[in-house]
Amino acid sequence: MKRGGTAVGSRLIVPEDSWRRIGGMGGRGQLKTPASESSGSGGTFMSAKLSSKEQKKLEKLDRMRHSMAHVMAAGVLKLFPDAKIAIGPPIENGFYYDFDLPRKLTPEDLPVIEGYMAEVIKEDNPFEKQVISRDEALKFFAGQDYKVELINDLPEDVELSFYKMGDFTDLCRGPHVESTGRLNHQGFKLLSIAGAYWRGDEKRPMLQRIYGTAWGDPKQLKAHLEHLEELEKRDHRKLGKELDLFSLQEKAGPGLVYWHPKGARIRVAIEDFWRQEHYKNGYEMVFTPHVGKSWLWETSGHLDFYAESMYPNMVMDKADYYAKPMNCPFHVMIYNNGKYSYRDLPLRWAELGTVYRYERSGTLHGLMRVRGFTQDDAHLICTPDQMQEEIREVLRFSLFMLRSFGFEEIAAYLSTMPEKAVGEPERWDAAQASLKEAIEAEGLDYDIDEGGGAFYGPKIDLKVKDALGRSWQLSTIQFDFNLPDRFDMTFTDSDGAEKRPYMIHRALLGSLERFFGVLIENYGGAFPVWLSPVQVVVIPVAATFDDYAKEVVKEMRLKGIRVQADLGNDRLNHKIRYHQTQKVPYMLVVGEREQESRSVNVRIRTGEKSDLPLDEAVKMILKKLEEKDLP
RNA sequence: GCCAAAGUAGCUCAGGGGUAGAGCAACGCUCUCGUAAAGCGUAGGUCGUGAGUUCGAAUCUCACCUUUGGCUCCA
């Protein structure tokens, strides 16, 4: 495969999800996304930072979208008078409503429903609120099982209200717009149909959900739809194919990533930088096995709490082996293989460790959620005295790494002690205080998720905002009060006593696979020069100049530049077009003029052109490499 | 895992009970070319896998695999 075509399609972009912990264990229930994630339009990064004016605007949009959900339900009831209706809240950029319908919806139903909705809007029906007693409400919704359940589940002291709009009445807390005329009949679009469990519970009935987007006017709707198109263009799965970066192959197992040579070039660039910076920051590298005997996972507790996320056992010599879902027990094994004193600490051990986790088939998603991935993992083992300094340093290091990859907007989330937790409260307090202190020292915006930490320790997560305004959780710094106990880790303190060290897990980029996916989408495949798989292509205007082109390649390759000549039989225009679609940062066109003056005509990916002496061009490119800049 | 949709050449897709199609890419030849697609030709497919219906299946049925959109944003 060499030259890919283009693709068009239409689908919703998935909100960022893949929330990966790096250490400890426990079920999925312990995963918590930071608070303040979901509200607002256009993807609010830090809801707390919104001005009151922006807040008001959002409230207005939310109200409009909520009303739009009612309008859609009214439209669906016209199509299916027997439909059972569930819930229909406003969401980011739009709304949805869940239905229990007599037949499966098809995409062809959506325009029909849209038509009904436009009619309802034009009718300019007022939204009328009426407070209603529980009995009346139950009577009204007799047969509407979901509504009945909702009513019964509402606390006794809550005032129930109905909103009536035309002949559609819904149990609703409101608020709504005054009347449907306030909605823009050209400002909404139904986007997709999806299955959704009633109340998100997989043991309950599967409902049909219709998602829609709604805006104040057609212009905003258009802008939003264009934004969705842009997201689609940048989809890492699409770009991964077009730029020949990676693949996932069903024959060989879902959720397992193949890094092709061009993707591997990028990964190696990332890893080289990563190792170099870790050594500069006082880390040591370790390498640990991919599998370990059950003793390890019994001791760590993974087999008790994490088994359903692990690949099943392999039996060899009558012993059970498991592929590692986390690196931490192995790092602990290295620690416990020796004896350390306070003089040896802190230890900072890093590993690009590949782990395997069973993810449910329906949750796999390109590089973003996979079953085998490489964490840029490290464990810090230190004395209580060193803890604060270690946290501050690791946070500083995280920010440096993220910024090196072009992410400038970074926010922190601090998750604190949950109800069920291991470790003494004093240790939690000390750890939380040091996390908070470090965040403040770096001047980061942050939110606190009270009680949102894992049972084994508090943590800081860092989220970055990408070029399209989406936020991605990448770094995580987590205390672990569990493994040191379970593995009985100790160090000898200055008073000769054996004491328990602090252990901190951390991943800066998260997983290389996911980080790669984020990078691809952030740059839309047009990477900074230092990450570009092919940095320079030399194109002779005719075969007569092949030798000079080869000479230019040789010269640049010696300088460490990833360069190749395109000596194919194709036309110049064709070659330029191809390498442009491959988003190669620099094309050097060479012909008679250039050969005679030992120069090159530099065509930058942006379309800019300039004539430069060969050695100047080399210098310019090396500078961009050094600065990790775009071309 | 569950619901829905999809899987046809390396890529993007059309077709649809009766000999498998296009464009791009690949390969060959011609042209020797100055900044986003030269021309002609050749080759390329167990139509996701397996079973079934049928004289005949890529097409219809069923099962499985994989992919895609969703599955705690609460009346």
Side-chain angles (χ1 to χ4, degrees), chain A residues 1-15 29 33 37-40 62 66 85-96 98 104-107 137 141 146-154 158 160-163 170-174 191-211 235 237-238 241-242 244 248-255 308 358-366 539-545 569-581 587-594 601-603 607-609:
Chain A
M1 195 264 294
K2 198 178 163 196
R3 305 183 180 191
T6 51
V8 193
S10 72
R11 77 187 99 79
L12 263 180
I13 299 304
V14 195
T33 42
E37 252 285 88
S38 55
S39 67
D62 264 9
H66 193 174
I85 56 176
I87 56 166
I91 54 174
E92 189 173 340
N93 301 328
F95 58 92
Y96 69 78
D98 287 345
K104 305 296 176 195
L105 287 169
T106 66
F141 278 121
Y146 305 102
K147 292 293 177 190
V148 168
E149 182 179 329
L150 288 171
I151 294 165
N152 285 329
D153 282 0
L154 285 169
V158 170
L160 298 188
S161 58
F162 275 9
Y163 273 85
D170 200 359
L171 174 75
C172 184
R173 148 173 79 193
L191 295 175
S192 61
I193 303 160
Y197 295 107
W198 169 232
R199 296 193 148 180
D201 182 345
E202 55 194 79
K203 295 190 184 68
R204 321 247 6 220
M206 176 69 71
L207 304 175
Q208 298 193 70
R209 174 174 297 180
I210 304 177
Y211 281 98
D235 189 313
R237 294 165 301 185
K238 184 164 136 61
K241 229 181 244 179
E242 285 171 9
D244 198 13
L248 295 144
Q249 306 199 32
E250 76 165 270
K251 285 191 197 95
E308 65 179 35
Y358 174 76
E359 300 281 356
R360 297 156 107 209
S361 56
T363 61
L364 298 175
H365 179 82
I539 307 173
V541 299
T544 333
F545 310 105
N569 194 25
D570 290 312
R571 259 39 185 186
L572 175 67
N573 278 343
H574 191 270
K575 291 177 183 176
I576 286 175
R577 182 184 153 82
Y578 172 66
H579 297 295
Q580 189 72 36
T581 61
M587 284 178 243
L588 307 183
V589 177
V590 297
E592 194 174 359
R593 293 197 299 270
E594 289 77 13
N601 180 271
V602 182
R603 184 189 208 280
E608 266 177 89
K609 281 167 284 198

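Chain letters run A, B, ... following the sequence lines, proteins first, then strands; residues in each count from 1.
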Would you say the side chain of [X] and the base of [N] hold a donor-acceptor pair, judged only by whether the two atoms sit under 3.5 Å apart?
X: D570(A); N: rU32(B); answer: no
X: D201(A); N: rU72(B); answer: no
X: E594(A); N: rG34(B); answer: yes
X: R173(A); N: rC74(B); answer: no
X: Y96(A); N: rG70(B); answer: no

request  = Toss me the dot-bracket line for RNA chain B: Watson-Crick and G-U wobble, both under 3.5 Å, 5' to 3', using | for pairs to another strand and [ ] for crossers.
outcome  = (((((((..((((....[..)))).(((((.......))))).....(((((..]....))))))))))))....
task = Consider only side-chain N and O atoms of Y197(A) and R199(A), and report whether a donor and an acceptor are under 3.5 Å apart.
result = no
N/O to N/O distances under 3.5 Å, protein versus nucleotides 43-50 of chain B:
none

key: Nucleotide of rU12(B), rG1(B), rC33(B) approaching T363(A) most closely (side-chain heavy atoms)   = rG1(B)
query = Nearest to the side chain of R603(A), which nucleotide is it out of rC71(B), rG34(B), rA36(B)?
reply = rA36(B)
message = Under the rule for side-chain hydrogen bond (donor to acceptor under 3.5 Å, both in side chains), what residues qualify as partners of Y146(A), not counting sequence neighbours?
response = D100(A)
task = Over all heavy atoms of both residues, which pair between F141(A) and K147(A) is shortest? Give the atoms and the distance, please.
result = CG-CB, 3.7 Å
message = Any base atoms under 4.0 Å from I87(A), or only sugar-phosphate, or nothing? Heavy atoms, all strands.
response = sugar-phosphate
ask   = Looking only at side-chain N and O atoms, does R577(A) come under 4.0 Å of OP1 or OP2 in rU35(B)?
value = no
